[in-house]
Amino acid sequence: MKTCLCVMTLTVGCGLTAALGAPTIQEIAPRESFVVLGASHAETMIARLQRTALWEMWMSEDMADARKSMLEEMSAGFDEMEQELGLEEDTIVPPSGPAGVAAFVARGENNAPGLGFIGFADFGDKADHMTRVIDALVKKAGEDHIEVDDQDVLGSTVYSFAIPQPPKAEADEFDDEFGGGGMGMPDPEALLATIRHIHVVRHKSMVLVSSDLTTLENAMEVIDGDALDRLASDPDFDGVVNAFDGDVDVYGAVLPLKARGLLGDDDMMAMMVDSFGPVLHELLGDVRGMGFGLRLDGERAMVEQTMSLYMPNGKNGLTALLNLESPRGKVPFFAGSDVTSFASINFQFADLMGVARKVIMAHPLLQMQAGPMLDQVAPMMEQFFAAMGSKVYSAKTLSRPVTADSQKSMLVMEMSNLEQFQNMVAMLAPQGGFQAREFLGHQIYTLEMGDMGGGMPLGSSGSMSIGTGAGLAFVGDTAAVEQALRASAAGGTGGIASEPAFAKAVAMLPDDSVIAWGISSPADEAEYMVAQQRKMIEDMREFWGDEMDPEVIDQMGGALNDVPIALIRKYVGPAAWQLRSVESGFVFRAFVSDARD
């Protein structure tokens, strides 16, 4: 088994790269694939990386110790593997061409569903190195008494490593017709039972590995130039990756409907999934695929990320409420020059209870359990949401020196009926422990949370408030809400708009109408994260005392000391993101700037 794991590590784990003009993972993976991961040309990707500030930061003198430690660890791992296989030093090399990995639904005994995979990598002019590695794996398998068969396929030798099968366990009292304890949960061992062999081949300059021989042979045919019906021709996959703007260095896709094949047609889990399908449709709509892509040294930014949600049959439920685009507009008055993170989101709150009702009515069990409760709270909640507009903002500030209490967060909601909202808050807030008080002529409700607030998105200072002013509702840290109410009298554009970092972040965004957009400071977020983790370690030390291993605490603290906050601030600039609605779903794009520019 150890030898088989080495096979997978060497062919898939060395790196995921894809050569320009060569077959991609989606062109060799079967249509049944539900997860795929690939990347663009290795040399191009490295060249792009070396043009960014990330590379300069990594190669800086300040990172010398970390760089040396990582390289030594990597070298030691390869050296150990080479020694175990009896290979000369530097025989194992990273790929230099196409590569990728995909998981698909396979069939085992009695047509039982299980997991299958295929991975490949192009080693270019160093493919002979990997031939020696495969030969060494075959030899080592013989020494470990692992059965290895070989056969000629398309002029190349395919080696099939047998996976030792554990003895079948006797059924216990929890096994039943539902697959164990009546819960119908998928059995990981059963899903992996379809993997009886790992098939490996060097074909031309490529090394391929798969759990299924037919899949491997088909991949070899594609590499030879044959046109086969593969994942690339699947409309759902095509819809996911078409959302990417230009070429990307790393990409992936998840196709959830194809993963349904991992469940048997008659087991309890499959029936539960199928019965709750209408619920998910009313909640989110018909989501056919999700994807991500990453590009270094892009046209707009040092790092560009794309995420897509493919919904070719339209939006429904929460996604329909989110499907409202508008121009970015001016930054509102409460976003002062001290704001480190700002976001604006469109959402149709008035229709939220309608979605909740449809979700509950989509399944008899939900109707029975949640229906009566909905009937009780719906009239009040409908009034509450009807008073809200269709835009919500978030703003965060960070005071110095940075501690776990430094970040002040606030949500701000536009109101379509401010008086109705105020009446609802006056009725509901006291029930939640909020105390009413006057603040600069505004009615404000405050909840003293004490230690409960630490690390929470709202109320991190231990005190959160709800206030209204200028047609807006403010919810969050008391200090942030009070500051916003002070600024409401002046109105106008927020002071952050005049900050150079804000202008740099916004300049990366395409000039589109959007559902949502925002900016942030990666350096500030990293610094605050470290402060939060330090506080968590202190709390753990105080709570557990001598019961917790001090070495574990020291290791956690040491890892935090290694986070290069000053370097991040020197090399990584502000970030920006946006969410757009397209005809077939949603596209999220994020950008991180180079601080040197």
Side-chain angles (χ1 to χ4, degrees), residues 326 328-350 352 381 383-399 405-449 452-497 502 516-520:
S326 65
R328 286 199 299 269
K330 294 182 179 180
V331 179
F333 64 86
F334 54 81
S337 57
D338 58 343
V339 167
T340 58
S341 174
F342 171 83
S344 171
I345 305 170
N346 295 334
F347 189 82
Q348 301 174 71
F349 289 96
L352 188 57
M381 297 308 297
Q383 291 184 53
F384 183 79
F385 290 123
M388 299 173 63
S390 58
K391 188 177 287 291
V392 58
Y393 305 95
S394 74
K396 297 178 181 179
T397 61
L398 192 67
S399 61
D405 295 328
S406 287
Q407 189 177 85
K408 302 296 183 288
S409 307
M410 178 176 60
L411 291 179
V412 183
M413 294 160 285
E414 289 186 352
M415 293 290 114
S416 60
N417 190 328
L418 183 60
E419 183 178 357
Q420 181 173 315
F421 180 83
Q422 289 171 329
N423 292 337
M424 295 298 297
V425 172
M427 178 177 62
L428 297 174
Q431 300 178 27
F434 286 81
Q435 300 296 318
R437 61 187 175 93
E438 290 291 323
F439 181 79
L440 300 180
H442 300 278
Q443 186 81 342
I444 189 171
Y445 297 84
T446 300
L447 174 65
E448 297 297 337
M449 301 171 63
M452 291 189 300
M456 297 295 287
L458 299 175
S460 61
S461 64
S463 173
M464 67 176 298
S465 293
I466 304 172
T468 55
L472 302 169
F474 305 90
V475 183
D477 285 281
T478 297
V481 171
E482 291 178 347
Q483 178 58 32
L485 291 174
R486 291 188 190 97
S488 64
T493 301
I496 191 178
F502 177 84
W517 69 280
I519 61 96
S520 64

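The figures that follow rest on heavy atoms only: side chains count, while hydrogens, waters and symmetry mates do not.
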>> Between Glu482 and Arg437, does any NZ, NE, NH1 or NH2 come within less than 4.0 Å of an OD or OE carboxylate oxygen?
In response: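 Result for this pair is yes, salt bridge flagged.
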Check: [X] side chain, [Y] main-chain N or O, donor-acceptor pair, under 3.5 Å:
X: Ser416; Y: Ala386; answer: yes
X: Ser409; Y: Lys396; answer: no
X: Gln420; Y: Gln383; answer: yes

Is there side-chain contact between [X] and [Y], with at least one heavy-atom pair below 4.5 Å?
X: Leu472; Y: Phe333; result: yes
X: Glu414; Y: Tyr393; result: yes
X: Met427; Y: Asn423; result: no
X: Ile496; Y: Ile519; result: yes
X: Gln435; Y: Leu447; result: no

Please find the pair of heavy atoms, one from [X] and one from [Y], that lie closest to each other, and give the distance.
X: Ile466; Y: Val425; value: CG2-CG1, 4.2 Å
X: Gly467; Y: Val481; value: N-CG1, 4.1 Å
X: Lys408; Y: Ala480; value: CB-CB, 4.2 Å
X: Ala497; Y: Phe502; value: CA-CD2, 3.6 Å
X: Met464; Y: Phe434; value: O-CE2, 3.9 Å
X: Lys330; Y: Thr493; value: CD-OG1, 3.7 Å

Gap between atom [atom2] of [Y] and atom [atom1] of [X] - 0.5 Å precision:
X: Thr468; Y: His442; atom1: OG1; atom2: NE2; result: 7.5 Å
X: Glu448; Y: Thr478; atom1: CD; atom2: OG1; result: 6.0 Å
X: Ile345; Y: Lys391; atom1: CD1; atom2: NZ; result: 9.5 Å
X: Arg328; Y: Trp517; atom1: CZ; atom2: CH2; result: 6.5 Å

> Which residues pass the ring-ring contact (aromatic ring centres under 6.0 Å, His included) test with Phe349, sequence neighbours left out?
Replying inline: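 Scan of Phe349 (ring-ring contact (aromatic ring centres under 6.0 Å, His included), adjacent residues dropped) gives Phe347.
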>> Can you confirm whether Glu438 is buried at CD, in the sense that more than 12 heavy atoms of other residues, nucleotides or ligands lie under 6.0 Å from that atom?
In response: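 Count over threshold, so yes.
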> How are the rings of Phe334 and Phe474 set to each other: parallel, tilted or perpendicular (split at 30° and 60°)?
Replying inline: perpendicular
> Which residue pairs pass the side-chain hydrogen bond (donor to acceptor under 3.5 Å, both in side chains) test with at least one member in residues 332-341, sequence neighbours excluded?
Replying inline: none
> Could you go step by step and tell me if Ser390 and Asn346 meet the side-chain contact (heavy atoms from CB on, under 4.5 Å) rule?
Replying inline: CA-CA 6 Å; Ser390 58; Asn346 295 334; 5.7 Å; no
